[in-house]
Number of protein chains: 2
Amino acid sequence: MRAVIDQLGYVPDGSAQSLSRRRKDVIGLVCMEHVRPVPSQHDVETMSLLFYDEIVRGVEARLRDDNWSLLITYLHEDSQNELSRLMSLSGKVDGLLIIEGAVPSSFLARFAARLPVIAVAGDPEERAVDLVTADNRSGAAALVSHLIDVHDRRALFHLDGPPTAPDAKERRLALQHVLTLHPDAELVGSCTGRFSVQSGEEAAKSLLADGRGGLPDAVVCANDQMAIGVLQVLGRAGVRVPEDIAVTGFDDIYPGSLLDPGLTTVHQPMRQLGERACARLLDRIANPDLPPRVERLATDLVLRRSCGCDYGEFERARLAERGRPRVTVITQAARS
Amino acid sequence: MRAVIDQLGYVPDGSAQSLSRRRKDVIGLVCMEHVRPVPSQHDVETMSLLFYDEIVRGVEARLRDDNWSLLITYLHEDSQNELSRLMSLSGKVDGLLIIEGAVPSSFLARFAARLPVIAVAGDPEERAVDLVTADNRSGAAALVSHLIDVHDRRALFHLDGPPTAPDAKERRLALQHVLTLHPDAELVGSCTGRFSVQSGEEAAKSLLADGRGGLPDAVVCANDQMAIGVLQVLGRAGVRVPEDIAVTGFDDIYPGSLLDPGLTTVHQPMRQLGERACARLLDRIANPDLPPRVERLATDLVLRRSCGCDYGEFERARLAERGRPRVTVITQAARS
DNA sequence: CTGAAAGCGCTAACAA
DNA sequence: TTGTTAGCGCTTTCAG
């Protein structure tokens, strides 16, 4: 029987099944993008993907166990009809994963009223929906403290992310908090980037241009892409990193480990972020009455040469892995 | 009226719509992976994504115009029940995009009989379905010719891709073809990698280990990830690139431009690949009787320092852009 | 245990 | 024009 069916190549129609069982076995993943279309070989948009990919992978890995499917949409944050796209998307899925909370809280709440919604890497203040995010604050705090305490960098420049990005906000708050704890250190300047390599390059150029009176001791970037842009421009200008100036990122995307000097950054467990968020969504679909919850994942401080560290080729080591601490310190990963 | 509907937050049910209008407005994207689960910080799987992302982006860009949605699945090529996953997926979509033809041709044909299927970056010999791919042959041929003619590299080592990867096969054939045209050059060795950074590292190590009698003049890698692995290991071993040995990749993924020396490679228009494949799929869905067709996209030779070139910071220039030639030559892109 | 029938929520064709 | 109704292809329930 089974054999005959297979032979005929029969596959049940998905919409009919969904309609009948009142479940689609599909979840939607919405990626918000802070992008301006900027044509270039490897453009802004490409790079912003680097951040999402691993999350997507985590989600997919969780989903495949249950034979569910994943619907992906990239939302351009400015455009008007994006909201209607989200609406029609919500009719095709059993639940929604929304990455990067550029969605106003009020919208989130509206969607959450209609179907299960989990925010990924969104604003931890968000109370309307479940949230799964990395612990940006303690990660950023550990990074900045490291710069000040270990490398004695006092004059810090902050390359911030878009105002609408909750992650950037968390990191900014942590930076400010650490500065209040270190009266000897100070913020000598800051500017706002778009999370892209290009905006990092622009920031570095203007820093070099109007930086008469000397460069800061360190540039703290809200993410790795921008730090890469900064590193590239500084390198070309003959500014030595970390001797003349330290540079740090956030996220720990792969290319950061290839640069010379390697990029000191904070590792976000992105794949795990996807897995946890997806698991939570499936839970909520199964049981819609679950109370909203915030899940915060531990980050790792990744010390490479760009902050002034020089461990050479160390075994990847996690200190204080278990227990309370949310920040663990790892040295340069040996790729041998 | 419209306002009232919006106020109530009504969104039509997707499955009911699909069932009624007999169209789902969803296409499926299947990514085949040549992976072995290898846990590491940025593992094999992560890297293989780098290749797909831009394709996904291209597809999504085409889709958003028509308000269709994208269902993504990553298929692990070994596993048994992956085929049944593909089956059930096909019940949820109007058409399928299959990246990387690790799917046996017979399967493709079976699926194509049930619904529109487009192969992306698959085997150009495939006659059962539409195919959209980069012109791997002329790209690889241009690259190898460049190594031999311009840089006088005679003893070539080939780091091949998985036997099941059609792209790798095309590149291999091109390499062999160029060698027959250059009797003075020879293939001094080759090995098979898995398209991952790690397999590139492994290959480089064994090359260093049993390379008694001298290294080859150049290592031609079937893709960028493996070339990156090779570059990393050689660098650590103190082998100078390109002075002691040249290294080349294929694909032109972003990290390759960050390395020192920059990676000479062949640029695949991956985003365009996605767009064209998607456009073709939508055409075929609208008109199922279209005859199968192969669409081959032009590639660019990207010359950076790892092959021996040294243009410094040049403006990106395309020579012979229009017309017949499928390979255009560009110099190192200036990121200023 | 097998087989018929009643929806699932919408669209499209048809009637009024 | 607007209102009604018959499916779309399944699952599930209920009768036989």
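Throughout, protein chains are lettered first and strands after them, A, B, ... in sequence-line order, and every chain is numbered starting at 1.
When the C1' atom of D/dG7 is taken as reference, atom CG of A/Asp13 falls 14 Å away, rounded to whole Å. The CZ atom of B/Arg21 sits 13 Å away from the P atom of C/dA13 (whole-angstrom rounding). One can place NZ of B/Lys24 at 12 Å from C1' of D/dC10, the figure rounded to the nearest angstrom. Note: CZ (B/Arg22) to C1' (D/dG7) measures 9 Å, nearest angstrom. Rounded to an integer number of Å, the gap from OH of B/Tyr10 to P of C/dG9 is 10 Å.
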Legend entry - Derivation and outcome, side chain to side chain contact (heavy atoms under 4.5 Å, CB included), residues B/Ser18 and B/Asp25: CA-CA 8 Å; B/Ser18 314; B/Asp25 289 19; over 6 Å; no
Inset, instruction - Under the side chain to side chain contact (heavy atoms under 4.5 Å, CB included) rule, what do A/Phe111 and A/Met87 come out as? Steps first, then yes or no, please. - result: CA-CA 8 Å; A/Phe111 279 105; A/Met87 279 293 186; 3.9 Å; yes
Legend entry - Pair B/Leu108-B/Ile98, side chain to side chain contact (heavy atoms under 4.5 Å, CB included): steps then yes or no: CA-CA 9 Å; B/Leu108 278 187; B/Ile98 300 189; 3.6 Å; yes
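If you check D/dG9, C/dC10, C/dT11 against the side chain of A/Ala16, the one that comes closest is D/dG9. The side chain of A/Leu19 lies closest to C/dC8, out of C/dC8, D/dC10, C/dA12. Residue A/Ser20 has its side chain nearest to D/dT11 when only D/dT11, C/dA12, C/dC8 are considered. The side chain of B/Gln17 lies closest to C/dC10, out of D/dG9, C/dC8, C/dC10.
In this structure, the separation between CG on A/Asp167 and CZ on A/Phe195 is 6.0 Å, given to the nearest 0.5 Å.
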